[in-house]
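Below: one structure, written as structure tokens.
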Amino acid sequence: QKEVEQDPGPLSVPEGAIVSLNCTYSNSAFQYFMWYRQYSRKGPELLMYTYSSGNKEDGRFTAQVDKSSKYISLFIRDSQPSDSATYLCAMNRNTGFQKLVFGTGTRLLVSP
Amino acid sequence: DGGITQSPKYLFRKEGQNVTLSCEQNLNHDAMYWYRQDPGQGLRLIYYSQIVNDFQKGDIAEGYSVSREKKESFPLTVTSAQKNPTAFYLCASSIGLAGGRGPYNEQFFGPGTRLTVL
């Protein structure tokens with residue numbers, strides 16, 4: 001079983017829809033949770049990170065962590081065609097250097 | 001502009017050849033990383049370095065080698081011992097342990113090198 005599970009998609013939605021992207025994990029020691037966005041043939045860029053449980057909002061993006069269920073989510077409101085990309089979740093155990101464990105990524109397609 | 005550069009963008013290798021992928025950063029980061037990305041596999045860590053002249057194996061180091069002679073540079077050599085080298089290779093850097101100023105040291109990624117074995 002992989003430490004981090006993520007549905008590869010693709011997830012196709014119309015412009016303006018609310019998008020929900022999710023990851024589950026098995027290691028209860030994970031403390032830091034990140035969402036990266038990766039456009040085709042480019043390197044990933046960090047969208048948001050959260051520590052422990054709770055919500056964090058940044059513009060149209062909301063990251064949610066439920067440690068009791070070992071489940072994290074990224075919500076995108078008012079989705080735009082420019083949001084079409086692969087979204088990778090990642091997590092690690094503590095501060096400083098700890099190896100990031102990545103999900104496989106979910107490909108999102110937002111149609112105009 | 002600060003950032004990470006990788007070269008070349010595309011690389012073709014014949015069977016049995018060693019090739020070296022370049023990674024340079026001007027972010028003054030101590031830590032650097034190499035990942036491999038395959039369809040359906042996510043990113044897997046090959047090697048990482050927390051400081052100059054020191055590096056550690058990641059999860060899939062077999063068939064790869066690295067050096068860290070300068071803070072700015074972390075080249076990756078894909079040797080002929082790597083059985084399935086065709087992949088997208090990503091280099092990343094972060095502030096590192098000594099300079100961390102927050103609860104999480106973000107990893108910044110380069111644009112990647114796509115390696116194809118002919």
Side-chain angles (χ1 to χ4, degrees), chain A residues 1-10 21-27 30-54 56 58 63 65 72 85-107, chain B residues 3-7 9-10 21 23 25 29-51 54-61 87-115:
Chain A
Q1 183 191 5
K2 291 182 180 178
E3 278 191 288
V4 179
E5 298 278 0
Q6 188 175 9
D7 188 326
L21 303 165
N22 311 293
C23 289
T24 59
Y25 62 95
S26 57
N27 190 339
F30 287 139
Q31 297 279 0
Y32 294 91
F33 304 91
M34 291 125 251
W35 285 97
Y36 282 83
R37 178 176 62 195
Q38 184 177 24
Y39 291 111
S40 182
R41 301 180 186 275
K42 304 287 185 185
E45 56 179 333
L46 182 69
L47 271 179
M48 299 182 72
Y49 81 87
T50 53
Y51 171 68
S52 195
S53 285
K56 187 173 184 179
D58 184 1
V65 175
I72 69 170
T86 296
Y87 290 80
L88 300 147
C89 64
M91 46 202 80
N92 69 356
R93 288 184 289 274
N94 212 330
T95 59
F97 177 79
Q98 288 287 345
K99 184 183 72 174
L100 285 183
V101 181
F102 283 86
T104 54
T106 298
R107 188 172 167 219
Chain B
I4 302 176
T5 57
Q6 291 185 242
S7 62
K9 188 172 182 179
Y10 299 96
L21 283 60
C23 177
Q25 54 97 1
H29 285 170
D30 285 312
M32 297 187 74
Y33 315 81
W34 274 106
Y35 292 91
R36 170 180 171 143
Q37 187 174 31
D38 297 278
Q41 298 257 19
L43 274 67
R44 293 182 290 167
L45 183 64
I46 303 172
Y47 268 97
Y48 65 95
S49 168
Q50 296 185 62
I51 201 164
D54 183 65
F55 48 83
Q56 309 293 330
K57 291 182 179 180
D59 297 320
I60 55 164
F88 189 48
Y89 291 87
L90 288 159
C91 179
S93 71
S94 67
I95 289 173
L97 289 171
R101 292 186 286 272
Y104 169 66
N105 292 330
E106 177 185 352
Q107 291 187 21
F108 294 84
F109 284 84
T113 292
R114 187 164 299 276
L115 172 63

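Per chain, numbering begins at 1; letters A, B, ... match sequence-line order. The structure presented is a predicted model; accordingly, all values stated were derived computationally and were not measured.
Atom CZ in F88(B) sits 8.5 Å away from atom CZ in R41(A) (nearest 0.5 Å). From E106(B), atom CD reaches atom OH of Y36(A) across 5.5 Å, with rounding to the nearest 0.5 Å. Summarising the geometry, atom CD belonging to Q107(B) is positioned 8.0 Å from atom CG belonging to N92(A); distances are rounded to the nearest 0.5 Å.
Interface residue Y10(B): only side-chain heavy atoms are found under 4.5 Å from chain A. For E45(A), no part lies near chain B; criterion is any non-hydrogen pair under 4.5 Å. For Y35(B), the part lying under 4.5 angstrom from a heavy atom of chain A is the side chain only. Looking at Q37(B), only its side chain comes within 4.5 Å of chain A, counting heavy atoms on both sides. Proximity to chain B involves both the backbone and the side chain of P44(A), based on heavy atoms less than 4.5 angstrom apart.
Environment of CZ in R114(B): crowded, with over 12 heavy atoms of neighbouring residues, nucleotides or ligands closer than 6.0 Å. At most 12 heavy atoms of other shown residues, nucleotides or ligands fall within 6.0 angstrom of atom NZ in K42(A). Around NZ of K2(A), the count of heavy atoms belonging to other residues, nucleotides or ligands within 6.0 Å exceeds 12.
The closest side-chain heavy-atom distance from L100(A) to Y33(B) is not below 4.5 Å. Contact annotation: the side chain of Q38(A) approaches that of L90(B) to within less than 4.5 Å [non-hydrogen atoms, C-beta and beyond].
Chosen from P111(B), C91(B), P39(B), the residue pairing most often with chain A at heavy-atom distances under 4.5 Å is P111(B). Looking only at heavy-atom pairs under 4.5 Å with chain A, the residue among D38(B), I4(B), L43(B) that has the most is L43(B).
With sequence neighbours left out, the ring pair (Phe, Tyr, Trp, His ring centres under 6.0 Å) criterion links Y87(A) to no other residue.
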